[in-house]
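What follows is a single structure, written as structure tokens, with notes after it.
So you know, we letter chains A, B, ... as the sequences are listed, proteins then strands, and number each from 1.
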Number of protein chains: 2
Amino acid sequence: MTQVQYLTRSDLEGAQQAAWKPKPIINNFAVDTVLDAEAFRKLPILVVKQGAIGLQHMLGDGRQTISVIYFEDEVLDFRHFGKVSGRATCLLPVTVKLYSSDDYDRLQHESTQFQIEHATKQARQLNYASQHSVDLARKSAIEKLASFILESRKRQNLGRGLDVLLRLRRSDIADYMGLRAETLSRAFTKLKKLGLIACDQTDLVHISNEPGLRQMANGKVNWMKTRIQ
Amino acid sequence: MTQVQYLTRSDLEGAQQAAWKPKPIINNFAVDTVLDAEAFRKLPILVVKQGAIGLQHMLGDGRQTISVIYFEDEVLDFRHFGKVSGRATCLLPVTVKLYSSDDYDRLQHESTQFQIEHATKQARQLNYASQHSVDLARKSAIEKLASFILESRKRQNLGRGLDVLLRLRRSDIADYMGLRAETLSRAFTKLKKLGLIACDQTDLVHISNEPGLRQMANGKVNWMKTRIQ
DNA sequence: CGAATAGTTGAGTAGTCTCAAAACAGGTGG
DNA sequence: CCACCTGTTTTGAGACTACTCAACTATTCG
């Protein structure tokens with residue numbers, strides 16, 4: 001009796017799952033497009049499929065910051081956005097999948113697999129934010145840049161690859177790392193002169209000395225004493 | 001007699017809920033206790049009931065940072081902690097409720113109310129982290145302190161109250177705001193001289209000029225020109 | 001080609017860090 | 001009660017980093 005019930009219920013659930021599936025709504029946005037929360041009231045959940053979306057903030061006198069960046073496969077949920085959360089801006093040409101609140105909740109509810117993945121992504125996002133706070137808090141410009149290069153590699157799933165595409169503009173990287181573009185530029189030349197990285201193009205960075213770069217990022221190198229002239 | 005009463009009450013609660021309810025395990029920790037993830041393998045979810053837990057990070061040469069602080073009613077989930085996530089340290093005497101992975105998941109699964117609350121808390125945590133990045137990125141010491149005071153008020157649910165208990169030690173506040181304790185101290189005296197705050201004790205800050213403090217926090221005041229001597 | 005945007009380089013300044021010492025608070029024991 | 005200790009906060013003077021503003025180079029695009 002209980003067995004029959006169990007099987008039947010299970011079958012029904014399976015049938016329901018298979019029968020229902022939200023058709024993903026795909027959208028593209030050009031660089032510098034501002035994604036207004038109001039415009040996404042009906043489809044407030046964005047899953048980035050290509051490109052990058054950044055949360056831009058501006059202080060009263062014009063100082064700019066990018067607090068969080070959403071890269072591929074990361075989820076931006078407009079439902080939980082307060083007024084202080086800044087504005088979402090496309091830092092690259094962006095492709096997103098859009099979900100309505102109901103659809104996304106239903107996906108989560110019907111598939112534990114999906115729910116687990118979502119929870120993991122949420123937690124990862126908080127980890128990135130936490131690490132980013134560490135980068136911003138007490139690191140020097142050159143250490144910040146080293147950290148950024150390594151973070152970029154990690155978030156692009158490049159594994160142990162030594163060639164990292166930065167993709168973002170210098171000014172956006174600077175905003176993200178809490179620096180001025182000029183200071184960032186100087187940090188690039190310093191890393192190059194120290195032989196930790198090499199770059200021919202502006203976009204592509206080759207990591208010449210990975211342990212060195214990692215130590216630099218973690219503040220284990222007193223680079224002042226490794227004199228640069 | 002007392003036993004009968006207890007059992008009856010317990011049964012009622014059980015019946016009201018979902019016939020199942022995990023007994024919360026409560027624990028206390030002294031200041032500066034380090035909560036090792038390994039020790040919480042069986043009960044990896046901590047809900048802070050009193051005090052504050054901070055994620056401490058240390059750079060190679062000893063520079064310290066606190067990236068995230070968990071205050072009352074916030075959830076620290078050791079399951080999603082990477083190696084880089086720093087160590088969890090009690091910044092105040094702490095009381096926590098502990099949950100096992102199964103219990104917490106079950107609570108979420110059986111009560112949509114609980115699930116919504118959890119999701120909201122997660123999102124709020126990310127918002128705090130995002131705002132914190134903004135504070136760290138480009139703000140001056142005095143602006144950082146103004147931001148911290150307002151953040152403290154907000155997270156203590158003081159509403160429009162003008163008296164804020166900072167509770168944390170100066171050195172922890174400094175670590176959190178990416179400053180040295182000395183610089184923080186100087187920022188305090190500057191805010192006092194500007195008449196934005198007043199404090200008799202070290203712990204208690206009275207906001208004397210709230211709009212002014214808020215403008216300071218948002219970088220709308222060129223406080224250099226409001227000369228301090 | 002000229003206009004516009006993006007990135008680099010240079011000189012001077014403002015603000016934070018460093019290190020050292022002094023003031024302050026809280027608890028202990030004589 | 002005071003002297004003493006430990007730990008925290010404040011104050012001071014000098015060094016150094018990152019910012020500002022300006023000019024310059026490189027690249028893109030009509």
Out of dG7(C), dT9(D), dT11(D), minimum distance to the side chain of T189(B) belongs to dT11(D)

Between CD1 of I173(A) and P of dA6(C) the distance, given in whole Å, is 13 Å

*Could you check R153(A) against E210(A) for salt bridge (charged side-chain N to carboxylate O under 4.0 Å, His left out), going step by step and ending with a plain yes or no?*
CA-CA 12 Å; R153(A) 183 171 76 153; E210(A) 185 179 342; 2.7 Å; yes

| Can you tell me if R87(B) uses its side chain to pair, donor with acceptor, with the backbone of V34(B) under 3.5 Å? | no

Counting primed atoms, P, OP1 and OP2 as sugar-phosphate and everything else as base, the B/S/- map of nucleotides 18-26 of chain C against protein heavy atoms under 4.0 Å is BBB------

- Query: Would you call R170(A) and D172(A) a salt bridge, taking side-chain N to carboxylate O under 4.0 Å as the test?
  - Reply: no

Note: for K139(B) and F188(A) on DNA chain C, the residue whose nearest nucleotide lies more 5' is F188(A)

note: Q64(A), atom CD; dC19(D), atom P; distance rounded to Å ~ 15 Å

Rounded to whole Å, the CZ-P distance (R169(B) to dT6(D)) equals 18 Å

Self-check item: Donor + acceptor pair across side chains of S133(A), S67(B) (<3.5 Å)
Solution: no

Rounded to whole Å, CG of D175(A) lies from P of dG7(C) at a distance of 12 Å

_Please classify the nucleic acid contact of L179(A) as base, sugar-phosphate, or nothing, using heavy-atom distances under 4.0 Å._
sugar-phosphate

DNA chain C nearest-nucleotide lookup for L168(A) and A137(A): closer to the 5′ end is L168(A)

Smallest heavy-atom separation, I69(A) atom then E74(A) atom, equals O-OE1, 3.5 Å

What about the rings of F40(A) and Y99(A), do their centers lie closer together than 6.0 Å? no

**Q.** Ring centres under 6.0 angstrom apart (Y70(B), Y128(B))
**A.** no

When rounded to whole Å, the CG to P distance for the pair L184(B) and dT8(D) reads 15 Å

Note: for G178(A) and D172(B) on DNA chain D, the residue whose nearest nucleotide lies more 5' is D172(B)

R170(A) CZ to dT25(D) P, in whole Å, measures 19 Å

Separation of dT8(C) atom P from L145(A) atom CG, nearest Å, is 11 Å

Q201(A) atom CD is separated from dG7(C) atom P, nearest whole Å, by 13 Å

Side-chain contact check for A141(B): nearest option of dT8(C), dT16(C), dT8(D) is dT16(C)

